[in-house]
Protein chains: 2
Amino acid sequence: MPDHEREMEIVHLLRAATVELGLRSARFASRNGMHPTDVRALIALMDASRSGSEMTAGRLGTLLGLNSAGTTAVVDRLERLGHVRRVRDERDRRRVLVEIDERAVELGQAFFGPLIGRAVELLEGYDERELTAIRGFLTGVRDAAAEASG
Amino acid sequence: MPDHEREMEIVHLLRAATVELGLRSARFASRNGMHPTDVRALIALMDASRSGSEMTAGRLGTLLGLNSAGTTAVVDRLERLGHVRRVRDERDRRRVLVEIDERAVELGQAFFGPLIGRAVELLEGYDERELTAIRGFLTGVRDAAAEASG
DNA sequence: CCGTAATATCTCGTTCAGCGAGATACTTGG
DNA sequence: CCAAGTATCTCGCTGAACGAGATATTACGG
């Protein structure tokens, strides 16, 4: 049996980081009268908005691992808080596009901005080869986690 | 305004990885008749066990961001499934130590083993300096996320 | 075209995770 | 030895998310 200690330490660090990030977004949620799922939905919407793609209700539900009833409920809650609006897709009128409100984006930036800033700061201390290593590791983990059932 | 594009790409990668890891553990949960919180509890228990420290009910609740009632409920559920057992702490009889069952550990390893294996495999492709960079970044993110209110 | 199948969302009724309030049991310090 | 503090549990309740199925729209074979 080989000695994987150095590698396992990093695996545990990754897990510890995801746990802390989860707790942080839970705190953001409860401070703003939301639930963790609502925050995850907002993040998915910001991501879509940033990459210029539009988000349908169904796709959002899939990303969150919810069924259709739960998806409707999430969008209802966010709409009630004014963080998103429903827009009928005119190209396929079965679809409902969910658009995030600019003020919700600002709210998120106010809370997560410092954390993101700190991460960027950390990354600025690395050279090109180190950044490539970090990028490669995270990409690999993301893809391995995304792979279907095991 | 400086050009943070390369750094932001990595920040988004980190988030994408945490999202995928979250979905993966949600799938593990529902496949084994558990809820995401139960899985998070098991992970915290494995972590404690691995580092040789014991876990009390209260500490577990804090780690999960639950109040005492919710904590009791999580431990009840896990105990009912045979994944943990309650043991009165004889040194301070107010406390309840939560011990994880060996079979629960095996269950987790069977599901997450391949993913961890893949991560270790990826890490084996990096040299010492690259590993240090990855470790440093993850440590920094974890600590930044853990810092108190903003 | 027309009808059937497929797709997207929503409604309804139900279950149970997690909360607040407070009870209980034990420990510690004056 | 009593009061205050700490750890866990009980009870009742709210609401997130589920399953089943309704509704509206699109796609497709004949």
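All chains are named by letter (A, B, ...) in the order of the sequence lines, taking the proteins before the strands, and each is independently numbered beginning at 1. The structure presented is a predicted model; accordingly, all values stated were derived computationally and were not measured.
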With a 4.0 Å cut-off on heavy atoms, is [X] in touch with a base, just the backbone sugar-phosphate, or nothing at all?
X       : result
B:Arg88 : nothing
A:Thr71 : nothing
B:Ala73 : nothing

Nearest to the side chain of [X] - [options]?
X       : options                : result
A:Leu66 : D:dA17, C:dT9, D:dT6   : D:dA17
B:Ala57 : D:dT8, C:dG18, C:dT9   : D:dT8
B:Ser68 : D:dT8, D:dC9, C:dA17   : D:dC9
B:Arg77 : C:dG18, C:dA8, C:dA21  : C:dG18
B:Arg94 : C:dC19, D:dC9, D:dA7   : D:dA7
A:Arg93 : C:dT9, D:dT26, D:dA17  : D:dT26
B:His35 : C:dA17, D:dA20, C:dC19 : C:dA17

Between atom [atom1] in [X] and atom [atom2] in [N], what is the gap in whole Å?
X       : N      : atom1 : atom2 : result
A:Glu79 : C:dT9  : CD    : P     : 14 Å
A:Arg95 : C:dC10 : CZ    : P     : 14 Å
A:Arg40 : D:dA16 : CZ    : P     : 15 Å
A:Arg80 : D:dA16 : CZ    : C1'   : 12 Å
A:Asp89 : D:dA24 : CG    : P     : 18 Å
A:Arg59 : C:dT9  : CZ    : C1'   : 17 Å
B:Leu64 : C:dC19 : CG    : C1'   : 15 Å
B:Glu90 : C:dC26 : CD    : P     : 11 Å

> Within 45° of the axis and under 6.0 Å from the centre of the six-membered ring of B:Phe111, does NZ or CZ of B:Arg24 qualify?
Replying inline: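 Ring-cation test returns yes.
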> Between B:Asp76 and B:Asp92, who's closer to the 5' end of DNA chain D by nearest nucleotide?
Replying inline: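 By nearest-heavy-atom nucleotide position, the 5'-most residue is B:Asp92.
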>> Quick check on DNA chain D: between B:Thr72 and A:Asp38, whose nearest nucleotide comes earlier from the 5' end?
In response: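 Checking each residue's closest nucleotide, the 5'-ward one belongs to B:Thr72.
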> Quick check: are there more than 12 heavy atoms from other residues, nucleotides or ligands sitting under 6.0 Å from CZ of B:Arg135?
Replying inline: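 Above 12, so yes.
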>> Tell me whether the count of non-hydrogen atoms from other residues, nucleotides or ligands lying under 6.0 Å of CZ in B:Arg59 goes above 12.
In response: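 No.
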> Which pair of heavy atoms, one from B:His12 and one from A:Asp47, lies closest together, and at what distance?
Replying inline: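 Scanning both residues, the minimum pair turns out to be ND1-OD1, 4.1 Å.
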> Taking all non-hydrogen atoms of both residues, which atom of A:Leu123 and which atom of A:Leu131 are closest, and how far apart?
Replying inline: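 Taking A:Leu123 first and A:Leu131 second, the nearest heavy atoms are O-CD2, 3.6 Å.
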Phosphate OP1/OP2 of [N] contacted by [X] side-chain N/O (<4.0 Å):
X       : N      : answer
B:Asn67 : C:dC19 : yes
B:Arg91 : C:dT27 : no
A:Arg86 : C:dC10 : yes

> Does one hydrophobic cluster hold both A:Leu64 and A:Ile100, with members joined at side-chain heavy-atom distances below 4.5 Å?
Replying inline: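 In one cluster: yes.
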